[in-house]
Structure formats: C-alpha cells, structure tokens
Amino acid sequence: MSFLSRLFGKSQEEPEPSFEVVIEVGRGEVRYSNRASDPGNPEKCWVPAEKTVSVQGYDIPGGLIYVGEHLAGVGPWSGTEPALIKPKLPVDRSRPDREGQGMGYWPSYSDIPSASRAAFLEWLAGGRVDPRAYIGYVFIFFYGLERRAIADTKHFDSARQELPLIREEVQRLLGLYSHNRSFKSYATRFVDLLDATLTTKRGYETDPPPPSESWEVPLQLKVGLGHLALDAHPMPAPWALAWLECDPETHLRTPAKRCRDEFRRLFELRYRERYQEGIVLKPNKTKVSAHYRPASASFGSMVDVAVGDLPDLTALSGPVKRLREIADQCCNELDAYSRWLGRNAESRGSLAAVALLPNELAESAQGTEVEALSNWLEEAVSNGDRSLLDASELITRWPSAKSEKLTKAESVLIAQFLQKRGFGIEPDVRFGGPSLSSDGKILLFRLTSDSPSAPSPPYVGATALLHLAAAVSASDGSISEKEEEHLERHMEASLDLTPGEPERLGAHLQWLLVAPPGLAGLKKRLAEFKDHQRETIGRFLVTVAGADGHISPAEITTLSKIYRLLGLEADAVFSHVHALSTAPATEPVTVRPAEPSEGGRAIPPPPSVEREFTLDMEAIAAKLDETAAVAALLGDVFAEEAEPAVAPPLKAEAVAGLDALHSAFLRALVERPAWDRNEIEELAGRIGVLPDGAIDLVNDAALEKVGDVLCEGEETIQIDHQVLEELLS
Amino acid sequence: MSETRIRPKERDAIIQSLRSGVVPRIGQQHIQVGRHEEVKALLRDIERIADGGSTVRFIIGEYGSGKTFFLNLIRSIALEKRLVTVHADLTPDRRIHATGGQARALYAELMHNMATRAKPDGGALASVIERFVSTALTEARERAVSPDLVIQERLNDLSEMVGGYDFAQVIAAYWKGHDSGNDGHKADAIRWMRGEFSTKTDARNALGVRTIVDDANVYDHLKLMARFVRLGGYDGLLVGLDEAVNLYKLANSQARNSNYEQILRILNDCLQGVAVGVGFLIAGTPEFMLDTRKGLYSYPALQSRLAENVFATDGLVDLSGPVLRLANLSPEDLFVLLQKIRFVYGSDDSHRLDLEDEALKAFMSHCSQRIGDAYFKTPRNTIVAFVNMLAVLEQNPGVKWDDLIEQVDVPAERNPDFDPLPDDDGEAAASATSREEDELSSFRL
C-alpha cells in the first residue's frame, strides 16, 4: 500500500490548486481527492515526439504517449485515461503477452495484466513497427493520439501544433495495421477528421467526396460547402451533385442509378442552365462540427468536434430542395433511356439507346455505331438540302432492325436519332407517316435547331390536303410537272406553319410525289365515314385551298376531283367555295382600280396609325376545332397499316366486372409475386392495354370486391396474391 | 365501431402519422370524432359533384381545430365515392393567382398529388389519363375504328372550353406516343398536363400545341381536368387547398386581391353551376376570412357572399352556406379520440394492450396540468405523447400506466401562422430558418 499525494501547478485552465490521494491496492486503485474528479494535467504527462522516455527498463523512442502517475479520462465518468502509461505499475518482463490474451475489449494501460503491459511496452520500444503486434496494443497507443488531437487541442497550443505529426503517425499505422477492419475504420475516420481540421486549402478546390454509404453527410462535403458560403463563391456543379447524393432525405429515382454517368452529365448541364456559375450560398448560423465516435473509452461517448469556424450548410433544406428539382427533371428526361437500358442491359451506347438520350447528351454521344451512321448521313445529305434514297440503305445501317419492315416503335427511334443528329426523315411516324420499309423510299434533309418533334394541327391539315391532292393528281397515272408546281406553290402558302415545318412539308411533298398514295385503299377507307364527316372534310379542304386568299381554277379542278373521291356532289365544291369567298369582307372591295389623275394636289399621306390587330378568337377556336376533327379523320385514312390496328378480341372470361383485355391482364399477374416496371409494361403491351391505366383499373376492381388493392409499388410492383385469389374465385 | 375492420396498412399509417404529429393520409374514418353534421354536409357536396354539379366550401377553424384532418377525411370519402382528388398547401410560392409562375407551381403541385381510390397517395395522373385512353381503346376495338378518332370524339366536349382544344391534343399525343413506343412523347404529354412546360415554344416543338398551363389559366385547367376525369370513368374532381392563411399573409395588397378575385370567380362558377363535376375545399383560419383589412372580407364581393346567415346564431347551424366552421375540440371530444386511437393501436393482434378508461382520464388531467387548455384545443402534441405512451406500454408489458403518465412530457404548441412571411424571392424562403436565428441574435434592449 502506498500513499501518494501531489499538488498540481497552476495552468491557465486549472487555476485552482488541487490535490488528490490515490490508494492503490494491487492493480486496482481507490482515489480520494479534494474535488469530485481531478482531471490531472495532460500537458505534463504528454511525451513529445522528439523525446525518448524510459519505462520499466524499456527505452521508448518517438514519444507521442502519456506517461505519468495520474491523468483522468476526458469524459466525466471514464476513470483513468486508458492511454496513460503509469511507470510505477508492475510489468512482467519475463512473460510478455504478445498474443494479447489478457486483453479486454476496451483496454486501458492501468487495467491490463502486467504481462500485457510488458508486450505493449515492448512494441513501443521497438518503434511501433512490428506488423504482427496484437491490435489491442496499437489501440491503446491510438487512444492517446485521439485524446491529444481532440481533447488537448482545446486547451493547449502545443497540442494544436502537433496535429500534422499525429496525422502522419496515424497514416503510418494505417499502413501497418489496416488488415484489422476495426482499426482501419477508426483510424480512417480519425485521419479524415484531422484532414478536415488541418486543411488550409479551400475545400471546394478539390473534387467533392464520393457519396458515403452511411447516412451521415461526409465531413469533407460540409467543409467544402462551408468554404463556398464564406467566400460567396458559386457552388460548382459537381459539388451540387455531391451534396444531393449525400443528402439523407433525398431519394434519387432509378435513372440516377442505372445510368449514373448520363445522369451526372445531364445534371451538370441543367444546373448550369439554371444557375450559370452556380448557386451562391449564404452562410447560416449552424456551425460545422464533426460527429466523431472515438475509439478510446476515455471520451465516454460520441464527441462533436468543431471544424474550423464554418457554417454548416447541410443543416438547411432550401438549397438542396432546389437541387432536387433539377435532379427530378433530369430523371424524367432520362426515363425513356433508363427503361430501355432496363430492358436491354447490354445496349448502352447503341444507336437505339442514343436515340432516347436527351438532345444535349445525344449530340455528344460517341461510339463506333453512332459515328458510322453519322458519317454516312453527312455524306448522304452533303450534295444538297435533300436527298432521296432507298429506305433499305438506312435500314441496313440500323443494326437493331430485325426485319425488312420496321415497327412503328423502331421507326420512331430512327427518326429520333436522326433528329438528335440534325437530320430529318420523311416519312416520319411522329408526323403521321407510315413506318419504314426496305422497299420504300426515304427522303433525308437537314433540320434547323428548333425543329418540332410533333406536328401542329395546321401541319396535319396541310399534309392531309397534299395527300388527297397527290392522290388525285396521280389518279390519272402520272403527276404532271404543272401539277407538281401547283402543289408546291400551294404548300408554300399553307396555313401558318410553325418554324421548321415548311421544310418538312417540302420534303414530305417530294416524298409523296415519288410514292403517291394508292387511290384504291383511300376510296375504301373514305367510304367508312358518315355523310356529315365527309362533308366536313370537303369544307375543310376548301378552306385550306383558300388559305392563300384566293382559289384558282386549277385548285377548283383538284377540289372537284377530291369531292368526287369523297362521294360528295361535285357541285357542292362551288357552293362551298362561294360560301368561303362571301365570308364577311374585312376590307373595302376594289370595284375599279384608281387611275392616276393628272394635276391636282397630292393629298398628304394620312398619319400612319397603327391599326390594332385583332382576331376573332371564336372563329379561330372553331377553325382549330375543325382542323382537329379532320386531322383525326384523315390520320386514319393515311395510316397505312400492314396489319389491322385492331387486335382480335380476346376470348377471356371477364373477371370482377373488367373487360376482356383487363381480365386477361389480371390473370397474367398470377405468374409472379412481384413485377418489375419493365416487365409490367411488356405484359401490358403484349395484351394491348396501357400499364398505368390497367393497374388502376384492377386495383379499383379489387377495392370494390375485396376491399384491398392488388398491386402496389412504383419501380417494383408487388402483387397481393391473397387478394388476387379472392378476385379470381 | 368495434366491428369495423382496420387494415394493418391503415393502422400502421395512422399510428405512424400521429406519432410524427401529422394528419394521416388514409384511414381517417377510424379516428374521426363527432362532426357528424359537417361530414354529412360534405357528403352531400360530394354527391352533387358526382352528379355533375359543383360546390365550394371554406373550411374555417382555429389553429389545431383539425382543418387538415377534416380535409383529408373528406378527401378519402371522395376517393371512396370514385372521385379524383387533387390537393396542395398554398404557400408564398404556390398561389391561385400570380404572374411569376407561382400559380403554375400550385397547379403542378396539385397534379403531383392527384389521387384516385386505387392510388390514394398521389401520383395518379398517368393512371387517370391511361384509364381514359383504355376506355377509348375498348370502344375503338368494338367499333373497329381508329383509337385516335374515338379519343377525339370523346374530347370534343372539352374543345369548347378555354384551353380545351390543346388539352385534347395532348391526350391524343399521349396515345400516339404509346402507340408508337415513343416514351419521350408520352413523358412530354404528362409534363404538359402537370403544368411543367414553362414556355410555349418548348410545348409547340414537343407536342405541336400552342398553349401551356400558365399563371393565367390555372383555374380553367382545373375545370378541364374535372371534365376529363369524368370522361375517364371517374365521377368528378375534388380540389383541396389548405393553408389559405398564406394568401392572407401576402403583403402586397394587389397580389392578395387578385387571389381573392380568383376565389370569387371559383365561388361564382360553382354556385351558379357553370363548372361541371368539380368541388373546391379551401381551408383557412378565421382571420383569413374575417379580417376586413386583409382577409376574404376585405374583398366586398366575397364578403357579401360569405357573410354568415344572420339566423344561424346561438347554436343554430346552417351548413348549406359555403362556409363551414370547425369548432375546437372539447375535452370530451379528445377523450373519445383517445379511445379511438387506443382501439386503432390495439386493432392488430400483435399489438394487444389493455388500458382502461381511467388511464385516459389520468393522462388528460396530466396534460391539462402541464399545458393547460391547450391540451385539447391544439391536441397535436397531446396525441403524439399519447401514442408514444402506448408504444412504451406495449413494448414493456411490465410497466404500469400510472407510473408512466407522470413522466410524459407534453410541450406546448406555437402557432406558426404568426410567423412573418419571408420576402418574395425564393432565396429568402430557402434560408428562412437561418434568418429567424439572425433576428433573435440581433435583438437588443
């Protein structure tokens, strides 16, 4: 039994003198002191790196340890500092416990057996380099470094100056002992913390950290954002994306994961579009602090370590909400592409996949297939604005084409790909044309940048007339040059087309003249319409013909032919034309052109008054209404479907009040417990229903009959088989 | 009550929501207390909507009186009655009328939250469109004509209405996109319907239409949507607008008045039966309506239409007018509510618990000591504490409720409506919290 009393000298932080009485019994100790817990002075125990100390005959080089008789842990209830080496404690030099058999989970130098102490000191004396050392000893040493870096730096300048040294030492230890996962994880996070504290660089000048696997926002990100806010520097796009990816409340949809590269590129584009250089963050009050879980039991629990004096932007929800909006937009834009990849995993970079990318990404897409086709296109269209080719030439260059006649979907893909590369094609399914077939002709032309990808109603009307007119012109076997000229002139004066459409209409006409639509099929289809519908078409055509202000005799001839084709009275043309031309005149009619009179005085020109341009909105609405009706009618006429559009009615027993197709859909769901979104779409396509509508319908039926929904989920759709059984029973 | 089957999903949703202090989105009927007449009145409204009529109701109640709860309850009733519902909170960035895109933002939020019975959690816009197209497809198949034609015929009705022509075009575009496997085209159609196109040029190039949903035609589009859902096989559209106090808080009187003007337009249309199959529920606090300086009453035309029935005082009620006043909960209401929550909590066999009514009383008296009358007037925290207590009791079968009640901590609530609105730019709204701190720290005596 030994009594020991000490009096501490004054330090800045510990102005009151204090003393304590420690009674040591064997290995345990009982402490009495004049204060509830006398912490001891870490500065006095700390051995700096350049000093060598001798403990129980071991000469320990390199310092970085606490040696002394008393030092309390950092936390209020943590007892003696575990890293403190008490020189007076017994050490069993004869049987050093190199395997660490006497070591507990949270080892402390004061508590481990004397044999373990011997092994620990031996490791220290050996320069802390033995790679086979038991990891518990490394940890005891590591505890000391943690304490020095986290606790002592709050009070002592000397400790702060040692931080780089400590970092270096931990990095060295990591090189030796990272095979131990526990040590690796603690030490790595410790190094991260030191890096964040030590860095003098602005965090955002480097790349942002990769998204962490844990829920926590990486410290490096917080520091970078804090610097951005302090400097009022615009947040670069990669940082914005990193923030979003690390935000625990943000859930990015499938496209962001399935096509991560594309998503990143698109995000950066959209971010720059909206915020140019980037969002300028405003500093907030919350400060960045690292939530650090020390390995050492000395701290007792998690500690918050203040990192610099930086605002913690991740505490705000506003900026990340704005970023989320952009991300949502990008996900929507990538949806089609992502689903395609989901269905055809290996087709990344193929022509079809590129066709589905958003414009900006498609323009810069690379790959052998893509470049080969682009080069061919450049060559094909180089000799003029338009170029007429055999469709087979293009189809053979489209690798995914399976047959000579493409499906609608494939034709759309081709048209989309071409458009993204700046080329237009006629016929284009999207503009009401038939799908491509190798025995047909195609017309390639250059597109302007703002070319539409869907027709406006006037365009549909104009093509309808061209179709009919071409059909009529061709009905006598050939199209005369005069007729061609007439059609082209008419086209130019067509209703107000949107930019980009006149070029397409021209190409369309040229294509039409090469392959005029057959009259026979046309007659049959027109016959399906009711009388009043046919009359509507007739009247509409007259309006289109008169769109340029007058109707020429040649136009009347064509119209008469069309009327006959429509099964209307040929005479009706005249009355309709008359009706059109007697529409209320908006300007004085010229009865006799004024003749220049001689002499007299010139009347001063009237003050130019800007006439207010007004339109009869009702008339326009009526006109648009009519256009739409006719477009729908005619769209059907010219859709040259090889197979009938109408699927044969399924012979399925109706389930739960659903129609035959949806009953079939419901039955098909039995096959699996859960469906991928892609699979459901495929299934719906096979049966001939729309996926979302079908799910809503069967769920509604399930609610009606069973009182619970059948399918749940967005990306993966879970089927409640109990409900399904009840529905089918 | 005890016979009603509570689906486990509903139970979990209710308990989860209550625990986090928000109104459950489904299963409200299981914890509805009283308000029988009010619910009956709204039920009649819903039937009127389903019959092709139109209604508008202002749900007026104090903070904590259960406006949002009531709104959600009516919403789920409407869904059950085969209506489509859309709902959104009004905020400074989402208003009925605006010039800076805030009205379009409201529309986008409404469409985002579109719900059907089969999809009560929102995101049902695609389903609604596809249901319409599906029925058109079936008809096309039967008549052996092109689906395009049937869609056009069915939407003919819409074409007469403002913006209806392009609306019909977009639906047709959705079908065309589907038919030709053009997913992008479909997505564009959905974007248009959601009001996400911000320029006409974009919309024209993508869909060939000339108009978009913009600040000026949000209400017209809601009317169109109401007609459309009826064509798709639903019975009508219910529009729920919560937190109308945010209109009241608009500092700019011109902005405020133009919002009230839109409300007047809605009110007139609905009361005169011009709108078809649409109902509006607008929930707000009393000052939103009654304040003659900044509330609805500051707009004379609204004041005359909304003024109380002079005979309906002293306990007499008139629920036929457009204004529906929600009284605060009474201690008795709260008692019944706690009973119901207890029942819902224990409705699942794996969560059995015994808690007699005595315990509920003791709990209430404890709360009343802690925060006074607020415990039943603004019951949010009371309910959170109660559900938490149930959870503790369930997980620790040994614990007696009387030991536990004393430890229950019920913080008093603060009405956020008294917070000032941030300035009009989004920047300030984004960092509102930090600004608040700023204000506190710079306070000097």
Side-chain angles (χ1 to χ4, degrees), chain A residues 282 284-286 316 318-319 321-322 332 335-336 339 356 407-409 411-413 416 429-430 450-457 459 498 500 528 621 624-625 628-629 632-633 635-636 639 645-647 649 659 661-662 688-697 699-700 702-703 707-709 714, chain B residues 5 7 82 116-119 123-124 126-134 137-138 140-141 144-149 151-153 156 159-160 165 168-169 172-173 176 178-185 187-188 191 201 204-210 426-427 429-434 437-438 441:
Chain A
K282 285 182 188 160
N284 55 336
K285 287 272 164 183
T286 320
L316 297 179
K321 213 165 87 187
R322 290 194 270 165
N332 286 339
D335 243 347
R339 287 201 188 144
L356 293 171
T407 62
K408 259 187 190 180
S411 308
V412 167
L413 275 183
Q416 281 176 330
V429 177
R430 300 172 303 162
D450 60 344
S451 294
S453 57
S456 69
Y459 179 84
T498 51
E528 283 170 14
L624 288 174
D625 195 8
L633 289 175
D636 199 28
V646 183
D659 63 23
L661 290 183
H662 287 97
V689 294
L690 286 78
D692 281 318
I695 290 174
D696 201 67
L697 265 171
N699 271 345
D700 217 23
L703 278 166
D708 210 340
V709 292
E714 291 288 326
Chain B
R5 188 171 85 99
R7 284 189 275 144
R82 303 178 46 77
T116 64
R117 180 165 69 157
K119 224 170 180 185
S127 312
V128 171
I129 296 175
E130 292 203 355
R131 281 258 312 242
F132 170 81
V133 177
S134 296
L137 276 186
T138 314
R141 217 172 274 122
V145 292
S146 100
D148 243 356
L149 193 63
I151 290 174
Q152 215 72 47
E153 276 176 12
N156 253 346
S159 299
E160 305 154 7
Y165 171 72
Q169 284 297 111
K176 280 191 203 123
H178 179 82
D179 185 42
S180 57
N182 189 345
D183 274 356
H185 206 46
D188 283 337
R191 274 184 64 209
T201 317
R204 192 190 62 210
N205 285 345
L207 295 160
V209 295
R210 275 151 198 262
E427 198 68 44
S431 58
T433 22
S434 68
E437 292 172 4
D438 286 348
S441 61

Quick one: which of [options] has the most heavy-atom pairs under 4.5 Å with chain A, could you say?
options                                : value
B/Ala187, B/Ala206, B/Ala173           : B/Ala206
B/His178, B/Arg191, B/Lys119, B/Arg82  : B/His178
B/Gly123, B/Ser127, B/Gly181, B/Gly184 : B/Ser127

Quick check for you: to the nearest 0.5 Å, what is the distance between [X] atom [atom1] and [Y] atom [atom2]?
X        : Y        : atom1 : atom2 : value
B/Asp183 : A/Asp335 : CG    : CG    : 8.0 Å
A/Leu697 : A/Asp692 : CG    : CG    : 11.5 Å
A/Leu690 : A/Ile695 : CG    : CD1   : 11.0 Å

*Against chain B, label A/Thr407 side chain, backbone, both or neither, depending on which of its atoms sit under 4.5 Å from a heavy atom there.*
neither

_Sequence-distant partners of B/Arg117, salt bridge (charged side-chain N to carboxylate O under 4.0 Å, His left out), two or more places apart_ = A/Asp700, A/Glu704, B/Glu80

*Contact part of B/Leu207 toward chain A, heavy-atom cut-off under 4.5 Å: side chain, backbone, both or neither?*
backbone

*B/Ser180 portion near chain A, given a 4.5 angstrom heavy-atom threshold*: both

*May I ask you to check whether B/Asp188 and B/His185 show a side-chain donor-acceptor distance below 3.5 Å?*
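On atom types as modelled, these side chains do not qualify, holding no pair under 3.5 Å.
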
_Contact between B/Arg204 and A/Pro452 at the side-chain level, heavy atoms closer than 4.5 Å - yes or no?_
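Result no, sub-4.5 Å side-chain heavy-atom pair not found.
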
*Among A/Leu703, A/Val429, A/Val709, A/Asn332, which residue forms the greatest number of heavy-atom pairs with chain B at distances under 4.5 Å?*
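Of A/Leu703, A/Val429, A/Val709, A/Asn332, A/Leu703 has the most heavy-atom pairs under 4.5 Å with chain B.
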
